[in-house]
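Naming: A, B, ... by sequence-line order, numbering from 1 per chain.
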Number of protein chains: 2
Amino acid sequence: MTDNSLPILTYSEENYLKAIFHLSEEGKKSVSTNDISGEMKNRPASVSDMLRKLGEKKVIEYRKYYGVHITEDGKKLALQTIRKHRLWEVFLVEKLNFSWDEVHEVADELEHIKSRILIQRLDEYLGFPKFDPHGDPIPDEYGDVRSRPRLPLSEIEVNGTGQIVAVKDSSASFLRYLDKVGAYIGARIKVLDKVEFDGSIEILVDNKKTIFMSKDVVNNILIMQ
Amino acid sequence: MTDNSLPILTYSEENYLKAIFHLSEEGKKSVSTNDISGEMKNRPASVSDMLRKLGEKKVIEYRKYYGVHITEDGKKLALQTIRKHRLWEVFLVEKLNFSWDEVHEVADELEHIKSRILIQRLDEYLGFPKFDPHGDPIPDEYGDVRSRPRLPLSEIEVNGTGQIVAVKDSSASFLRYLDKVGAYIGARIKVLDKVEFDGSIEILVDNKKTIFMSKDVVNNILIMQ
DNA sequence: TTTAGATATTAGGCATGTCTAAAAAATAAT
DNA sequence: ATTATTTTTTAGACATGCCTAATATCTAAA
């Protein structure tokens, strides 16, 4: 089975498949219509229609009323879209000086550009980056992902050190907050203190700045040790 | 009248408007349905439908059975799309090492990406280029075009010199031919001889290479003296 | 000036992708 | 185990944008 046998998806089908892939990654056995409609910000009825189509194209397994599973072909296609999205994010941040909380929307459009050679050349031009500006891994052309071992910041012990490698919640407001306090991707941190009762912690960033973080923030930061 | 008052166009409407703009530039009084259907490679019936819509959005003046004229608003929008197209072409050639006959298709997709800041940053990143890889001028944000005075190669006299600044026919096969013989944009040429009866000519490229060109080729090359 | 041929428009259909409202199925609660 | 609630699907509508076939209009020729 090569690339050639994969079905061609519309712009919209690509977006659904990407959403289903991300929801699948969250560990659930199957992804529900409502989950997808939440992610896509549209109505469940629209989702049902689309699931039938995606099922016909064999990129998901669809049993009515029981949610969907993504197939191997579906994964490959989703990873191709994710690869494009993340490469464009690197381009926007590294070359066009976008800040990392500005890139989502634009990358969501750019990821649908169809040329294969474009992505190969872009990848080369960017120096074959392995991670995007949020620290998420960039799949290779064949969908392979080399992910770094990483833990939620909340799991790091007092006096433990590491590097921020990713964030779970990449909403613009969260990213702006991190930028403001200096907790960028790649920052070296050391856990100075953990407060049991509210889950907040105190960390040292880059050996110079001490900051306090609430439980909500702590749960959304991933560390590589 | 600022940008804010211009209507928002769909992907498809942008393509029609670009086609109508280009056809308008060819000097004709009004642009016919058939002309547009030829340019868009679709059926006249589809064009009629679209002309009604574009008329309602006030980007063209549409009189049934008498073709269309582009309005000032229409021109602005078309020039915005053309600006984006040509900036992306510069990017593809200068940064991603595409050859100038490979860029059309990809740029036709990229030109529809909606972010204004993206185009501003791209423009800056490319060093505010004034001409695309085919030698065509890149409009500024407000649609102003600084075009170089230029003549068809056929009009240059024997012993006349100049620089190739553009090509009229930018089909991939024509561009490949030019690349092959070394007649790239920016090449300095001198007309050595003109053959009356078949319109062919002999030119010296970059003071080192002599090439013969048929009438068809000569008519499609533009020179700045 | 009437007609033949070219050109353009409408009518009706189809595919995509969305919606609301109603019906069906699954799940939770008594 | 039956009912109530939530979830999901279907039915029918609408917008975009394309098509073919039929009709209308214009233009050039006799």
Could you check Y65(A) against M50(A) and say which one's nearest nucleotide on DNA chain C is further toward the 5' end?
M50(A)
Distance check needed: dT16(C) P versus L9(A) CG, whole Å only.
12 Å
How many Å lie between CG on D49(B) and P on dA15(D), as a whole number?
14 Å
For the pair made of OH in Y16(A) and P in dT16(C), what is the distance, rounded to whole Å?
14 Å
Rounded distance in Å - CE (M40(A)) to C1' (dC19(C)):
15 Å
Go through the side-chain N and O atoms of H112(A) and N15(A) and say whether any donor and acceptor fall under 3.5 Å apart.
yes
Does a side chain donor of either H22(A) or E39(A) reach within less than 3.5 Å of an acceptor in the other side chain?
no
Can you check whether S12(B) has a side-chain N or O nearer than 4.0 Å to OP1 or OP2 of dC18(D)?
yes
When you match K41(A) and V47(B) each to their closest nucleotide on DNA chain C, which lands nearer the 5' end?
V47(B)
When you check the phosphate oxygens OP1 and OP2 of dT16(C), does a side-chain N or O of K53(A) lie under 4.0 Å from one of them?
no
Assign the ring pair F174(B) / Y177(B) to parallel, tilted or perpendicular, where the plane angle (0 to 90°) is split at 30° and 60°.
parallel
Any chance the side chains of N34(A) and S37(A) put a donor and an acceptor closer than 3.5 Å?
no
Heavy atoms only, 4.0 Å cut-off, all strands: where does S46(A) land among base, sugar-phosphate and nothing?
base
From dG17(D), dT27(C), dA11(C), pick the nucleotide closest to the side chain of Y66(A)?
dT27(C)
Taking the side chain of N42(A) as its heavy atoms from C-beta onward, which of dT18(C), dT10(D), dC18(D) lies nearest to it?
dT18(C)
What's the closest nucleotide to the K64(A) side chain, out of dT9(D), dT16(C), dC18(D)?
dT9(D)
What is the distance, rounded to the nearest whole Å, between atom CZ of R63(B) and atom C1' of dT25(D)?
12 Å
Should the pair F91(B) and W88(A) be assigned to parallel (<30°), tilted (30 to 60°) or perpendicular (>60°) ring geometry?
tilted
Please classify the nucleic acid contact of S48(A) as base, sugar-phosphate, or nothing, using heavy-atom distances under 4.0 Å.
base
May I have the distance from R52(A) (atom CZ) to dT16(C) (atom C1'), rounded to whole angstrom?
11 Å
Could you check how far CZ of R43(A) sits from P of dT10(D), rounded to whole Å?
19 Å
Within the 3.5 Å criterion, strictly below it, is a donor on T71(B) or D73(B) matched to an acceptor on the partner's side chain?
no
Atom NZ of K57(A) and atom C1' of dT16(C) are separated, to the nearest Å, by 10 Å
Of all the nucleotides listed (dA21(D), dT10(D), dT8(D)), which has the minimum atom distance to the side chain of A45(A)?
dT10(D)
So, is S32(A) near the phosphate of dT8(D), with a side-chain N or O under 4.0 Å from OP1 or OP2?
yes
Touch class at under 4.0 angstrom, heavy-atom based, for Y62(B) against every strand present:
sugar-phosphate
What does N34(B) touch in the nucleic acid at a heavy-atom separation under 4.0 angstrom: a base, only the sugar-phosphate, or nothing?
sugar-phosphate
